[in-house]
> 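Next up is a structure, given as structure tokens.
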Amino acid sequence: MMAEQAREGNEVEVLVETPVFPTEDPEKVRRAVENVLFGSEIELRPAPSGLGHVLVARAYGRDALSKLRALIRIERIADAARSVLLSGIEGDKLVFYLNKQAAYARHISFSEPSGESPLGPIRFEVRCPDPRELVDWLAPSSTGPPLYRL
């Protein structure tokens, strides 16, 4: 059904991946992802390394990122988030990483791809025609006129 939604004109596709190590509770990792991603299909796959699993979530439409957008506003980190998000634009995609433990606690903490968290980050890959416009929606600049109303 989600793939049908993507074909029906939803131009934003979100793919989220995060490792689930043997010492972690898969349900807590699922909750961490659900705290920042709305309306996703989630599956747990065996890790390619053979150590634990990989949680994979897919969602479609800009609304899939509405929880992330709300947390950015609640925590008043729009300018910092904007800087990180803009640096993650690569053509028609946006790639960024969130700290898994912070997401579980319903907080946003951007992370590096490796080395920063022993449990690994949550990796977001968002494909859309205009990633910069998506960043404007997620984390509008506080130094100019509002780009979007709440």
Side-chain angles (χ1 to χ4, degrees), residues 2-21 24 26 28-45 47-48 53-150:
M2 299 267 272
E4 290 170 19
Q5 287 176 333
R7 286 191 293 265
E8 291 174 4
N10 271 332
E11 295 182 340
V12 176
E13 178 182 356
V14 184
L15 173 65
V16 173
E17 294 183 346
T18 189
V20 181
F21 292 103
E24 293 181 283
K28 287 184 177 181
V29 176
R30 173 187 287 266
R31 187 173 308 135
V33 170
E34 289 173 341
N35 284 344
V36 294
L37 185 65
F38 176 73
S40 63
E41 290 182 357
I42 297 176
E43 66 177 293
L44 203 58
R45 298 178 181 166
H53 294 86
V54 176
L55 186 142
V56 179
R58 287 190 184 275
Y60 299 91
R62 190 170 74 172
D63 286 348
L65 299 168
S66 60
K67 288 182 178 183
L68 177 65
R69 181 178 188 240
L71 288 170
I72 288 170
R73 282 174 161 51
I74 289 166
E75 296 190 21
R76 298 179 178 188
I77 59 166
D79 287 328
R82 181 177 180 77
S83 175
V84 171
L85 294 171
L86 287 173
S87 72
I89 293 175
E90 304 168 4
D92 71 342
K93 71 180 177 178
L94 167 64
V95 177
F96 61 94
Y97 300 84
L98 296 179
N99 180 284
K100 195 187 306 180
Q101 293 89 339
Y104 179 77
R106 290 192 174 103
H107 291 287
I108 299 297
S109 178
F110 289 93
S111 179
E112 293 296 322
S114 62
E116 197 168 310
S117 171
L119 298 178
I122 301 171
R123 181 184 189 272
F124 277 74
E125 181 176 311
V126 184
R127 292 192 175 271
C128 62
D130 188 349
R132 183 165 180 106
E133 181 182 344
L134 184 66
V135 171
D136 288 344
W137 178 77
L138 279 169
S141 173
S142 66
T143 60
L147 298 170
Y148 292 94
R149 301 247 181 239
L150 290 177

> Which heavy-atom pair separates F21 from L119 by the least distance, and what is that distance?
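Smallest heavy-atom distance, with atoms named: CE1-O, 3.2 Å.
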> Can you name the closest pair of heavy atoms from T18 and G120 and give their distance?
OG1-O, 4.4 Å
> Going from CZ on F110 to CG on L98, what distance comes out if it is rounded to the nearest 0.5 angstrom?
5.5 Å
> Where do E34 and K67 come nearest, in terms of heavy atoms and distance?
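Heavy-atom minimum between the residues: O-NZ, 2.7 Å.
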> Should R123 and P19 count as side-chain neighbours, where that means a heavy-atom distance under 4.5 Å?
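Result no, sub-4.5 Å side-chain heavy-atom pair not found.
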> Sequence neighbours left out, what pairs pass salt bridge (Lys or Arg N to Asp or Glu O under 4.0 Å) with at least one residue falling in residues 95-115?
E24-K100
> Specify the closest pair of heavy atoms between I108 and E75, including all atoms of both residues, with the distance to one decimal.
N-OE2, 3.1 Å
> Atom CD1 of I77 and atom OG of S83: how far apart are they, to the nearest 0.5 Å?
11.5 Å
> I'd like to know if the side chain of N35 reaches the main chain of Y104, judged simply by a donor and an acceptor atom lying under 3.5 Å from each other, with no hydrogens or angles considered.
yes
> To the nearest 0.5 Å, tell me how far R73 CZ sits from L138 CG.
8.5 Å
> With distance as the sole test, does D63 use its side chain to make a donor-acceptor pair with the main-chain N or O of F38 at under 3.5 Å?
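Judged by distance alone, no pair lies under 3.5 Å.
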> So does A139 get a backbone contact from the side chain of R82, meaning a donor-acceptor N/O pair under 3.5 Å?
yes
> Taking side chain as C-beta onward, heavy atoms only, is D79 less than 4.5 Å from S141?
yes
> Quick check against the 3.5 Å criterion: does S40 have a side-chain atom that pairs as donor or acceptor with the backbone of R58?
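A pair under 3.5 Å: no.
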> Side chains of V12 and W137: closer than 4.5 Å at any heavy-atom pair?
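They are not in side-chain contact.
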> Taking atom CD1 of I74 and atom NE2 of H107, what is their separation to the nearest 0.5 Å?
10.0 Å
> So, do L134 and L65 sit near enough that their side-chain heavy atoms are less than 4.5 Å apart?
yes
> Could you work out, with salt bridge (charged side-chain N to carboxylate O under 4.0 Å, His left out) as the rule, every residue matching D92, not counting sequence neighbours?
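Here the qualifying residues are R127.
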> Within a strict 4.5 Å, meaning less than it, do heavy atoms of the V95 and P113 side chains meet?
no
> Take V14 and F124 through the test side chain to side chain contact (heavy atoms under 4.5 Å, CB included) and record every step on the way to the result.
CA-CA 7 Å; V14 184; F124 277 74; 4.1 Å; yes
> Please report the interatomic distance CD1(I122) to CG(L37), rounded to the nearest 0.5 Å.
9.5 Å
> Which heavy atom of P121 sits nearest to which heavy atom of S111, and what is that distance?
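It is CB-OG, 3.9 Å.
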> Where do H53 and V29 land on the side chain to side chain contact (heavy atoms under 4.5 Å, CB included) test, with the steps shown first?
CA-CA 11 Å; H53 294 86; V29 176; over 6 Å; no
> Could you measure the distance from the CG atom of L44 to the CZ atom of R30? Nearest 0.5 Å is fine.
8.0 Å
> Side-chain contact test, heavy atoms from C-beta onward, threshold under 4.5 Å: evaluate it for V84 versus Y97 and give yes or no.
no
